[in-house]
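Residue numbering restarts at 1 for every chain, and letters A, B, ... go by the order of the sequence lines. Reckoned from all heavy atoms, side chains included, excluding hydrogens, waters and symmetry mates.
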Amino acid sequence: MSDIISPPKPGTPPTREALDALRHSCAHVMAQVVQELFPGTKITIGPPIDNGFYYDFDSEHRFTEEDLARIEARMLEIAKGDHVFNGKVVTKDESRAYWAARGEKYKVEILDELTGTVTHYTHDTFTDLCRGGHMADTSSIRFVKLLSVAGAYWRGDEKREMLQRIYGTAFFSKDELKAYLRQLEEAKKRDHRRLGEDLGLFSIHQMVGAGLVHWHPKGTALRRAIEEYLRSKLECGGYSFVMTPHVSSEELYKTSGHLQNYSDLMYGAMDIEGNPFRAKPMNCPNHIMIFKSKLHSYRELPIRYAEYGTVYRFERSGVLHGLMRVRGFTQDDAHIFCRVDQIESEIADLLALAKAVYGDFGFTDLTCYLSTRPEKSSGEAELWDKAIVMLRDALGGSGLKFEVDEGGGAFYGPKIDLKVRDAIGREWQVATIQLDFVLPRKFGVKYRDSSGGEEFVVMIHRAILGSFERFIGVLIEHYGGKFPLWLAPVQVKVMSLTDAQNEAAEALAKALRAAGLRVEVDLRVEKIGHKIREATLEKVPYMAVLGPRDVEAGVVSVRRQDGTQVNGLKAEDLAARLAEEARTKSLVPTLA
RNA sequence: GCCGAGGUAGCUCAACGGUAGAGCAAUCGCUUCGUAAGCGAUAGGUUGUGGGUUCGAAUCCCAUCCUCGGCUCCA
C-alpha cells in the first residue's frame with residue numbers, strides 16, 4: 001500500500017506524518033490487547049492526536065491505572081513480533097458483514113456513513129476498519145506509555161453511549177519519550193492551581209461556590225500590575241474606559257437575544273420589585289446603552305469603549321478548571337463602534353496592539369485563526385464577504401501567522417482568535433476579535449452619515465488578554481511562578497541579619513517603596529539562610545540583605561532569585577535601578 | 001451535565017470496621033546568627049455535608065457539595 005510510512009532516519013527529527021503513523025499503529029495494537037485481556041470489549045475509533053493517541057472502548061470492565069501497566073506491557077510484547085500492517089480494500093457490504101458478525105456495532109455505524117470501498121488493516125490477530133497511515137510493521141513500536149483513562153461520548157455526543165478512552169503516547173526513541181514525560185512533569189510543577197496556593201495568589205471556596213475566585217493580596221498586586229499596564233496602553237490607543245452594572249434587567253437580554261440563545265449560560269433571574277434581573281454574562285449590551293445615550297456623527301467614529309468587565313456565566317460543573325475556566329471572571333473587554341470602511345484599520349491596529357502586549361509578557365509565538373461565515377448566519381452576504389476580505393488583509397499586513405477556519409465564525413460575524421505558545425510549548429487561546437453586524441440592528445445602533453442619513457454601526461467585540469483570570473493562569477504557568485520584576489507581587493524582600501540592622505532595613509524598605517517598588521521586610525530572629533530559603537520559595541526576584549558589615553559601609557547585599565549575588569550597592573542606587581527594571585518591563589533581571 | 005477517581009490538621013500524607021497519627025507550617029520559650037531549613041515545648045480534627053447499616057464508621061451504603069482526569073463547551 002502507498003500509505004505505509006517509514007520511520008525517520010536515525011538522528012533526524014520525525015515528521016508529523018511519521019509520528020501520527022506510529023501512534024495510530026499503537027492505537028491498533030492497544031485495541032488488540034484490550035480485546036484480548038477484556039473479552040467482550042467493543043472497539044470504536046483510535047486516532048493519533050497532537051501528543052499521542054487514544055482509543056475509545058465500550059466495555060463492561062472499568063479500566064484502572066493498574067490495567068494500563070498490564071496493557072502497555074502486553075503491547076510491547078506483541079510489537080516485538082514485528083507484525084506487518086496489511087491493508088486490504090473491501091466493499092462496504094463485505095465490511096459490514098465482517099463487523100456485524102463480530103457484534104462491533106460501532107464499526108457498523110461508521111460504515112453507514114462511508115461511501116465506496118473501505119480498507120481493513122490487519123496485524124497479528126487484529127483487524128480494524130481504518131483509512132490507513134501506519135508503519136510498515138510493529139517494529140517501530142518500542143517506546144510507548146499509556147497515560148490515563150477518561151470518559152468520552154461516542155461521536156462526542158452527550159446523548160450517545162459513554163465510552164472509556166485510554167490515552168497514550170509513543171515516540172521513535174527512548175530519549176524523545178523521556179523528554180515528553182519530563183515535559184508533562186514540568187507542566188505539573190507549573191500548574192497554576194498548585195502555584196496559586198503556594199504563592200498565596202488566589203483561592204476558591206466550596207462555601208462560596210465553584211468557579212468563583214478570591215484574589216489574595218499578592219494575586220491582587222499581580223493583577224493590578226497587569227490592569228495598570230493595559231489601561232495605559234489602551235488609553236494611548238484611543239480607548240475610553242467605562243464602567244457598567246453587574247446586574248441588568250431581563251429586558252436588556254431579551255433585546256440582545258442572549259436570553260433566547262444564551263440562557264443556559266446565564267445565572268437565574270432575581271426578582272426585584274416584580275421584575276426579573278440577571279447577573280451580566282457579557283458587557284456588550286451595556287456598552288451599547290452608553291453609545292446610544294446620544295446621537296453620534298460619522299466624524300466621531302470609531303468610538304472605543306473599554307471596560308474591565310466582570311461577568312458571570314453558569315458553566316457546567318465538569319468544565320471548571322482553576323483560573324482557566326471559572327463562573328465569574330473579568331474580561332479586558334472593549335467594543336469598537338465603527339463604520340464599515342474603518343474595519344480594516346481597526347483590526348490592523350488591534351493586531352498590532354495584541355502583538356505589542358503579548359511581547360511585553362514574553363509571548364512571541366502567536367498564531368491567529370480567522371473564522372469565516374458559518375452556514376447559519378445573519379446579515380447580508382455582501383457585508384460578510386467585504387468584512388472577511390478586510391480581516392484577511394489586516395492579518396496579512398500584521399506579520400502574524402494565521403490559519404483560516406472556514407465556516408467557524410459566529411452567526412453574527414466573522415472573528416479572529418489568537419493563541420500564544422508558552423515557555424514549555426503549550427498553546428493557549430487568549431485574545432478574540434469578533435465583528436458583529438447583528439447586535440447594532442437589534443438595538444438600532446446608528447450614526448448620522450455625511451449626507452444626513454442614518455447608518456448602522458459595525459461593532460467589534462474584542463478582548464486582548466481574554467480574561468484576567470485565564471490570562472493570569474497562563475502567566476503563572478508560563479513563568480512557572482517566577483515573575484519578571486514588573487509583575488512580581490513582592491519585588492524585593494529586605495532582610496536583617498540581626499536585630500541591630502532592623503532600623504537600617506526599615507529605612508531601606510522605605511526608600512524602595514518610595515521608588516514605587518512592592519517590598520516586604522523580614523526582621524525575624526532567624527538565621528539568614530532560613531530567611532533566604534523562604535524568600536526563594538516565595539520566588540521573590542530580589543533579596544536585599546543587611547548585616548553589620550553592610551550597615552557600617554552604608555551599602556546593601558543583593559541576592560537574586562537564582563542565587564547570584566550583587567554586593568556593595570548603595571540604597572539609592574538599588575532603588576533607582578530596580579525601579580528602572582520594573583519600568584522597562586524587563587523579562588530578565590538587569591541588576592548585575 | 002456525563003464517565004471514572006478522590007475529599008482526614010493551614011499544607012503534604014498515614015490509619016482502611018475497634019482510642020485519628022507524622023512531617024512541614026502555626027504559637028510560646030531559648031538562640032543574634034553572613035546567603036536554601038537552629039533547638040525545645042505547646043496547640044491544632046464532629047475525617048466535606050446530611051442521612052443510613054452496625055455493639056462500634058474516617059473506613060460499608062445512599063444522597064449532596066466540592067476537587068481531579070477527560071467528553072462537550074469556552075474568555
Side-chain angles (χ1 to χ4, degrees), chain A residues 54 56-59 62-65 147-167 188 191 193-194 197-198 200 203-212 264-265 281-283 309-311 313-333 417-418 428-432 434 461-474 495-502 523-538 543-550 557-565 567:
Chain A
Y54 67 80
D56 284 347
F57 301 103
D58 185 356
S59 179
R62 294 281 159 251
F63 299 118
T64 64
E65 299 289 319
L147 297 168
S148 61
V149 182
Y153 298 106
W154 169 234
R155 298 263 143 139
D157 181 344
E158 65 188 29
K159 293 185 185 66
R160 303 295 307 267
E161 294 87 337
M162 176 59 77
L163 307 169
Q164 296 183 76
R165 174 171 300 179
I166 300 180
Y167 283 95
K188 213 183 257 174
D191 190 317
R193 294 165 298 186
R194 182 76 253 152
E197 179 171 327
D198 289 348
S203 57
I204 295 171
H205 303 269
Q206 183 174 337
M207 183 176 252
V208 179
L212 300 170
D264 284 356
L265 276 174
M282 47 230 326
N283 306 299
T310 302
V311 295
R313 297 185 188 171
F314 188 76
E315 301 284 355
R316 302 161 89 182
S317 59
V319 308
L320 300 174
H321 179 91
L323 291 178
M324 301 300 193
R325 193 76 184 274
V326 292
R327 284 186 176 158
F329 56 99
T330 303
Q331 300 174 302
D332 65 313
D333 204 2
D417 289 321
L418 228 135
W428 302 94
Q429 213 241 282
V430 278
T432 180
Q434 307 182 357
H461 309 254
R462 56 80 315 173
I464 292 178
L465 305 181
S467 74
F468 287 100
E469 284 75 9
R470 178 177 293 178
F471 185 70
I472 290 173
V474 173
M495 42 190 82
S496 57
L497 207 70
T498 74
D499 52 18
Q501 289 83 46
N502 285 2
L523 303 181
R524 293 173 306 165
V525 180
E526 285 289 352
K527 288 174 74 176
I528 197 68
H530 186 84
K531 295 186 184 185
I532 283 174
R533 175 182 156 81
E534 291 193 350
T536 305
L537 292 175
E538 286 165 30
M543 292 162 240
V545 178
L546 286 167
R549 295 204 292 272
D550 299 295
S557 298
V558 179
R559 179 187 164 108
R560 297 195 297 221
Q561 209 263 336
D562 66 3
T564 57
Q565 188 79 20
N567 292 333

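Note: CD (Glu526(A)) to P (G38(B)) measures 6 Å, nearest angstrom. Following rounding to the nearest Å, Ile532(A) (CD1) and C33(B) (C1') show an atom-to-atom distance of 12 Å. Taking atom CD of residue Gln206(A) and atom P of nucleotide U64(B), one finds them 15 Å apart after rounding to whole Å. The separation between Phe63(A) atom CZ and G4(B) atom P is 13 Å, rounded to whole Å. Regarding Leu212(A), its CG atom lies at a distance of 12 Å from the C1' atom of C66(B), rounded to whole Å. Across the protein-nucleic acid pair, Asp58(A) atom CG and G4(B) atom P stand 13 Å apart, rounded to whole Å.
With rounding to the nearest 0.5 Å, the separation of CG in Leu546(A) from OG in Ser496(A) is 7.5 Å. Rounding to the nearest 0.5 Å gives a distance of 13.5 Å between CZ of Arg327(A) and CZ of Arg313(A).
Between Asp332(A) and Arg462(A), some side-chain heavy-atom pair lies under the 4.5 Å cut-off.
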Using a cutoff of under 3.5 Å, can you pull out all pairs of nitrogen or oxygen atoms linking the protein to nucleotides 23-28 of chain B, with atom names and distances?
none

Show me the protein contacts with nucleotides 8-11 of chain B, counting only N or O atoms at under 3.5 Å.
none

For nucleotides 40-44 of chain B, which of its nitrogen or oxygen atoms have a protein nitrogen or oxygen under 3.5 Å away, and what is each distance?
none

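Of the two residues contacting RNA chain B, namely Thr498(A) and Gln561(A), the nearest-nucleotide position lying further toward the 5' end is that of Thr498(A).
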Margin query: Working note: Val474(A) + Met324(A), criterion side-chain contact (heavy atoms from CB on, under 4.5 Å); need CA distance, chi angles, decisive distance, verdict.
Written below: CA-CA 8 Å; Val474(A) 173; Met324(A) 301 300 193; 4.1 Å; yes
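At the heavy-atom level, Leu537(A) lies under 4.0 Å from base atoms of the strands shown.
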Item checked: Base-contact (B) and sugar-phosphate-only (S) positions in nucleotides 68-75 of chain B, heavy-atom cut-off under 4.0 Å, - elsewhere -> SBBBBBBB
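Separating the P atom of A63(B) from that of G4(B) is a span of 12 Å, rounded to the nearest Å. Comparing the same atom, P, in G1(B) and in U64(B) gives a spacing of 10 Å after rounding to whole Å. One C1' atom belongs to C24(B), the other to C61(B), and the distance between them is 36 Å to the nearest Å.
Pairing each heavy atom of Asp56(A) with each of Leu163(A), the nearest pair is CB-CD1, 3.9 Å.
In terms of the side chain to side chain donor-acceptor pair (under 3.5 Å) criterion, residue partners of Glu315(A) (sequence neighbours excluded) are, by chain and number, Arg325(A).
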Checklist line | Pairing pattern in dot-bracket form [Watson-Crick, G-U; both distances under 3.5 Å; | = partner strand] for RNA chain B | finding: (((((((..((((....[..)))).(((((.......))))).....(((((..]....))))))))))))....
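Ser557(A) contributes a side-chain N or O that forms a donor-acceptor pair with the base of G34(B) under 3.5 Å.
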